[in-house]
Each structure stands twice: as C-alpha cells, then as structure tokens.
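Order of appearance sets the numbers: ligands from 1, and atoms from 1 within every ligand. As the structure is a prediction and not an experimental result, all values here were calculated from the model.
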Amino acid sequence: MKFFLDHLNLNIVKTDCIVVGVFKFGELTMSADILNKYSDGYISQLINQGDINGEIGTHLLLYNVPNIISKRILLVGCGAKNNFNLFCLTKVIKKIIPMLNKKSIQNIFFSLTELHCNKNQIYWFIRKIISDVQKEIFDISTFLRKEIYLKSITFDIEDKNLLLLAKTAIQHAKAISAGLIAAKKLSNLPPNICNPLYVSLQAEKLSQIYKDNIEVKTIDSKKMKSLGMHAYLAVGSSSKNKPYMSVIQYSTKNTLNKKIIILVGKGLTFDSGGISIKPSQNMHEMKYDMCGAAAVYGTLIMAAELNLPLNIIGVLASCENMPGGSSFRPGDVLNTMSGKTVEVLNTDAEGRLVLCDVFKYIERFSPNIVIDVATLTGACVTALGHDVTGLFSNHQTLVNNLKEAAQQTDDKVWQLPLFEEYEKDIKSNIADFSNVGNRGAGAITAACFLSQFTKKYHWAHLDIAGTAWESGINKGSTGRPVELLSQFLLNISKLNEC
Ligand code: BES
Ligand code: ZN
Ligand code: MN
C-alpha cells in the first residue's frame, strides 16, 4: 500500500475514487462543496432527496458525476461538524475500506484530511488513517481471505506548510504498521510451527534484514544452564521444544542519546500450565502467550524502519510450558540466576519464573529503562478487561511517559499499585519467594514478584493478558502494545515534532 500527498483541483483529479465528507444535516465539507459546484449542484440535489444525511458511517458511492474526471466519488457521513475527531476517522475507515476493496478500487484520493483543525492535528490524522487502513487490509486478507485491490491513497494537503508534518506522519505510520503487522503475524502462528526455536530464527533474520543496525545473540538452553538461569530452564524442562532467548541489539551510528532501553517480551509459545494443567476449554488460546515477545519483535522492526537514534535491546524470552515426566512440579524450589530462591506453588505461574531470570541477565547491559511486556495473569483480565493493559512500575516518570504514549495512540493502559503490603503475599517459609499469592490481586502479586528482580533499574511492566488477542470468531492477535511502545520510543527520540 502506497501513500502520497498532493493537492489538485478536484475536477481534474484522475483516480478511481475521490473520498469526500458530508456533515450531519447534509452540510457540505469544503471538498464536497467544490465538487458540488463543478457538478452544477449534483451533490446537494442528492442530499436534498435524502440519499445521504451525513450521519457518521453512512456513505454513498457516485458514478459518472457531471464534469468530474475521476470514475467515482464516495460521499461519507462525518457526523456533527463540531464533533469531528480522530475516533470519527476510525469509524469512517472501518466502513469504507472493505466497501472500496470489494469494488476492486485501486487508487483513492482522500479529502478528509482537510477536516483537521490545527497544524499538529494533520500529523495525527494521517497517522490514524494509515494505521486504520492497514489494520482493515490485514483483517480483510487474513480473516476474510479476500484479495486486496487497494494500491494507493493520496491525501489532499492544500497548505504547503503542512507537507513536512504530513510526510513525517506517513513515514511514522508506515513503520509502526509494519511492526504491528509483523507482531500479529508472528503471534497468530500455531504453536506447532511457532515454537521457541522458530521465534529465535525470526529474531536472527532481523540481523540480516537490518544489517547495519541490528545484531542478534541467541542464548540456547546449554548457555542458560551455564548462566544459572534455572527458573527459566525449569519452565521449559519438559518440552521437546527447548527454550531459546533472543537478544536483539539495535543501535545507529548517529545515536547521541546513549541511554539503553531494554524491552523484554514473555514468549511462551504455548502455556499448557504444566503439571498445574489448565482446563482444556480455551487452552488453544495459550498459543498467544508469546504475544509479549511478538510485540517486542514488532517494535524493533519499527525502530529499524525509522532508524531511530536510540539504543534498544529487545529480549524475546521464548519457552514452552508442558506437562511431562521431566516437568518441574508444584513444591519444587528453584535457584534463580539472581541467587534468590523460589518455591513453585503452581507451575502455571510460569511467566514470572522466565522473566525473573531475564531481569537478572540484562543487568550486564546497565539499562536505563526496562519495560517488560507479558500476557502474565488472568487476574489482569478480571481487573481491567480486554481494552486496557495493566501498567506497573518502580518509577513514576516512566509511568507518566508510558501513559502519555498510550493517550497519543489510544493504546490504553491503567496503572495498578505496587504497595509494599503485597510483598507478604509472595512470602515462602522455605524459599525467598513463592511464585503465587493466595489472597487476591493476582495481577499485582505477579508484578510484585517481578519487582523483586528489577531493583537495579527503572522498570515498567505491561500485563497484556486482556489486550494481546481477541477470542471467538474474530480470534487473532491485536498486535498490542506495539503502537504504545513505538510512540514511547518516538517521544524519547524527539523525532516526533508534535
Ligand atoms: N499465560 C497465563 C496468563 C493468562 C491467562 C493470560 C488467561 C491470558 C488469559 C499465565 O501464565 C498464567 O497461567 N497465570 C496464572 C497465574 C496463577 C496460576 C497464579 C493465571 O492467571 O491463572
Ligand atoms: Zn503463561
Ligand atoms: Mn501459565
């Protein structure tokens, strides 16, 4: 899909379809008004007849409009003039993209960009339109398995002063979409294909694609053993698919900001629960237990596509949790890489066991910021549902920066507390910690467990158990929180002029 910027008189634009807006009660937008004048009142005549009323989501496709060269004009309802915003754009895109594709339309001239109301908003308009269009196209091709005819969208930008901002928006949106789609594709794969080795090979491929910027180190189970990562190894101990940890190091030559940002992704390619086995209903969804790793992988693709002037290390903690004769068991005491011991009370609380060893391992990079992304607890789904990611941290500035990025991208997060009081829930009388609490607040006690291993750096934990995928007939990875993480990194790199 290609995106262009242009400004042409609408009567001579030569495209398959011009998309223009009509507000509620039939009020014309600027472009609709221009087309109306060229066509001697053709559009207002249709409105007066009641063919379209401008309610959001309504649309009317016109052919052979008098005095217009383009093959078609699509009138789209934009709702009340004063209420038009980014959310309205999403509603419009969701309606029109499947419809335009069905008609085998290839090239679109898109005038709704004129509806922005201030200079900066053009950036967000274009970002939003492109990301929504890419999501729609992904869904149409993967779930409906339909051919994609759409080839290009040209955004109508009249004010030359906005061109640079609009160009930046296209560049950012394309890179973020590329990352998001890569994350979705990896997470959607079945667990018999996407096992820990497969994930590590995907990571290694990044160093070939982005030769100048990415180096990948793969830590196999032998190396893990010599490093003392016994908690991580215990989780993978009974699967014939051995654990692999990928360390993706991204940097550029012109990186002035020497800070090291580490993104850690939980990558359980399948979580059966192990000996504390999960109920069989919906167990298949536990192939998505690697969505954190996939999101980190996608975010690194975004960074490399934009050549962000940052040092980012992505760690994909891949592993498979299976029951078997060599499984770790409830009752086991594990010696973690940090030297702290953990009593296993439930083998299904495996994510934190894998992550705690990763947190120790990454100390060698002296990171300034560490963010982990994990489908960690069902309790987070109970607390926040499926639209909001759980956010935990030991550093409030980091929280504020993540919240800002979440607000900018509508990739929502909500902070939950890490009060000291929760620590007693993960106490054990035979080890330093137990791996589960038993007095409620399961998302928090899990985060509290993690926080015991992240004291050496500023750290945030994103529990994406509720937001990483959708169930049911539209089942599939959402790619969250690639947009949030991408925006967070863009804000840090100050590439984003907005
Ligand atoms: N991967 C699951 C968390 C999960 C469950 C995510 C359902 C999305 C939907 C995690 O490994 C897990 O099993 N957690 C347990 C922890 C419990 C044993 C303390 C859970 O949430 O039930
Ligand atoms: Zn899990
Ligand atoms: Mn589990």
Side-chain angles (χ1 to χ4, degrees), residues 187 191 194-196 199 231-232 234-239 241 243 264-295 316-323 327-332 342-356 358 372-390 392 416 422 425-428 433-450 461-472 475-478 480-481:
S187 342
C194 182
N195 56 38
V199 173
Y232 193 145
V235 174
S237 61
S238 80
S239 173
N241 298 312
V264 177
K266 172 177 171 182
L268 266 286
T269 58
F270 190 70
D271 176 15
S272 67
I275 295 298
S276 314
I277 198 163
K278 286 181 181 294
S280 56
Q281 199 187 15
N282 295 333
M283 198 201 270
H284 62 95
E285 292 192 357
M286 281 299 124
K287 72 167 188 175
Y288 295 116
D289 213 18
M290 41 63 75
C291 283
L316 315 186
S318 306
C319 189
E320 187 175 46
N321 187 17
M322 295 294 257
S327 294
F328 74 131
R329 336 155 179 68
D332 282 0
V342 179
E343 181 187 14
V344 177
L345 295 182
N346 190 318
T347 63
D348 198 11
E350 86 298 337
R352 63 199 81 181
L353 297 173
V354 169
L355 292 175
C356 74
V358 177
D372 80 78
V373 191
T375 47
L376 202 67
T377 64
C380 191
V381 191
T382 308
L384 297 174
H386 291 283
D387 294 308
V388 183
T389 294
F392 307 80
L416 292 169
Y422 295 104
D425 284 24
I426 51 165
K427 277 217 151 67
S428 160
F433 308 109
S434 80
N435 80 328
V436 294
N438 62 0
R439 304 188 317 123
I444 301 177
T445 52
C448 177
F449 180 93
L450 298 182
H461 158 57
L462 295 168
D463 193 332
I464 56 165
T467 53
W469 74 89
E470 271 173 55
S471 311
K475 71 172 182 283
S477 155
T478 59
R480 287 179 69 180

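The aromatic rings of Phe433 and Phe449 sit perpendicular, their planes meeting at an angle over 60°, well past the 30° parallel limit.
Residues satisfying the side-chain contact (heavy atoms from CB on, under 4.5 Å) test with Ser276, not counting sequence neighbours, are Pro330, Asn346, Thr347, Asp348. With sequence neighbours excluded, the residues forming a side-chain contact (heavy atoms from CB on, under 4.5 Å) with Ala234 are Phe328, Leu334, listed by chain and number. Here Asn435 pairs with nothing under the side-chain hydrogen bond (donor to acceptor under 3.5 Å, both in side chains) rule; sequence neighbours left out.
For atom 21 (O) of ligand 1, the nearest non-hydrogen atom of the protein is Gly378 N, 2.7 Å. Counting protein heavy atoms only, atom 16 (C) of ligand 1 is closest to Arg352 NH2, 3.8 Å. If you check which protein heavy atom lies closest to atom 1 (N) of ligand 1, you get Asp289 OD1, 2.8 Å. In terms of protein heavy-atom proximity, atom 19 (C) of ligand 1 is closest to Val436 CG1, 3.4 Å. In terms of protein heavy-atom proximity, atom 12 (C) of ligand 1 is closest to Asp348 O, 3.2 Å.
Residue Asp348 does not count as close to the Zn ion (ligand 2), with no N, O or S atom under 2.8 Å. Backbone or side-chain N, O or S atoms of Lys266 reach the Zn ion (ligand 2) at under 2.8 Å.
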TODO: Would you check, one step at a time, whether the test side-chain hydrogen bond (donor to acceptor under 3.5 Å, both in side chains) holds for Glu285 with Ser471?
DONE: CA-CA 8 Å; Glu285 292 192 357; Ser471 311; 3.0 Å; yes
- [ ] Quick one: do Thr375 and Asp289 satisfy side-chain hydrogen bond (donor to acceptor under 3.5 Å, both in side chains)? Show the steps, please.
- [x] CA-CA 6 Å; Thr375 47; Asp289 213 18; 2.3 Å; yes
Open item on the list: Please determine whether side chain to side chain contact (heavy atoms under 4.5 Å, CB included) holds for the pair Val342 and Leu353, giving the CA-CA distance in whole Å, both sets of side-chain angles, and the decisive distance to 0.1 Å.
Closed with: CA-CA 8 Å; Val342 179; Leu353 297 173; 3.8 Å; yes
Task: Pair Ser434-Ser428, side-chain hydrogen bond (donor to acceptor under 3.5 Å, both in side chains): steps then yes or no - done: CA-CA 5 Å; Ser434 80; Ser428 160; over 6 Å; no
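Annotation: Asp271 places an N or O atom under 3.5 Å from an N or O atom of ligand 1; distance criterion only. Geometrically, ligand 1 and Glu350 share a nitrogen or oxygen pair separated by less than 3.5 Å. Between Trp469 and ligand 1, no N or O atom pair is found at a separation short of 3.5 Å. Between Lys266 and ligand 1, at least one N/O pair is under 3.5 Å apart. Below 3.5 Å of separation, one finds no N or O of Met286 facing any N or O of ligand 1.
Around the Mn ion (ligand 3), the protein contributes the following N, O or S atoms under 2.8 Å, ordered by chain and number: Asp271 OD2, Asp348 O, Asp348 OD1, Glu350 OE1.
When side chains are defined from C-beta on, Phe270 counts as touching Met283, because their heavy atoms get closer than 4.5 Å. Under the 4.5 Å side-chain criterion, counting only non-hydrogen atoms from C-beta, Val199 is in contact with Cys194.
Among the heteroatoms counted here (N, O or S) of Glu350, OE2 is the one nearest to the Zn ion (ligand 2). The nearest N/O/S atom of Asp271 to the Zn ion (ligand 2) is OD2. Taking the N/O/S atoms of Asp289 in turn, the shortest distance to the Zn ion (ligand 2) belongs to OD2.
For the residue pair Thr269 and Asn195, no side-chain donor N or O sits within less than 3.5 Å of a side-chain acceptor on the partner.
The structure places OG1 of Thr445 at 9.0 Å from OH of Tyr422, a figure rounded to the nearest 0.5 Å.
Across every non-hydrogen atom of Gly442 and Thr377, the tightest pair is O-CG2, 3.7 Å. Closest non-hydrogen pair, Tyr232 versus Cys319, comes out as CE2-CB, 3.9 Å. Pairing each heavy atom of Asp387 with each of Thr467, the nearest pair is C-CG2, 3.6 Å.
At a 4.0 Å heavy-atom cut-off, ligand 1 touches Leu376 through the backbone alone.
Glu285 does not count as a contact of ligand 1, since none of its heavy atoms falls under 4.0 Å from the ligand.
Within ligand 1, counting atoms from 1 as listed, the ones closer than 4.0 Å to a heavy atom of Asn346 are 18 (C). Taking every heavy atom of Ala465 and a limit of under 4.0 angstrom, the matching atoms of ligand 1 come to 6 (C), 8 (C).
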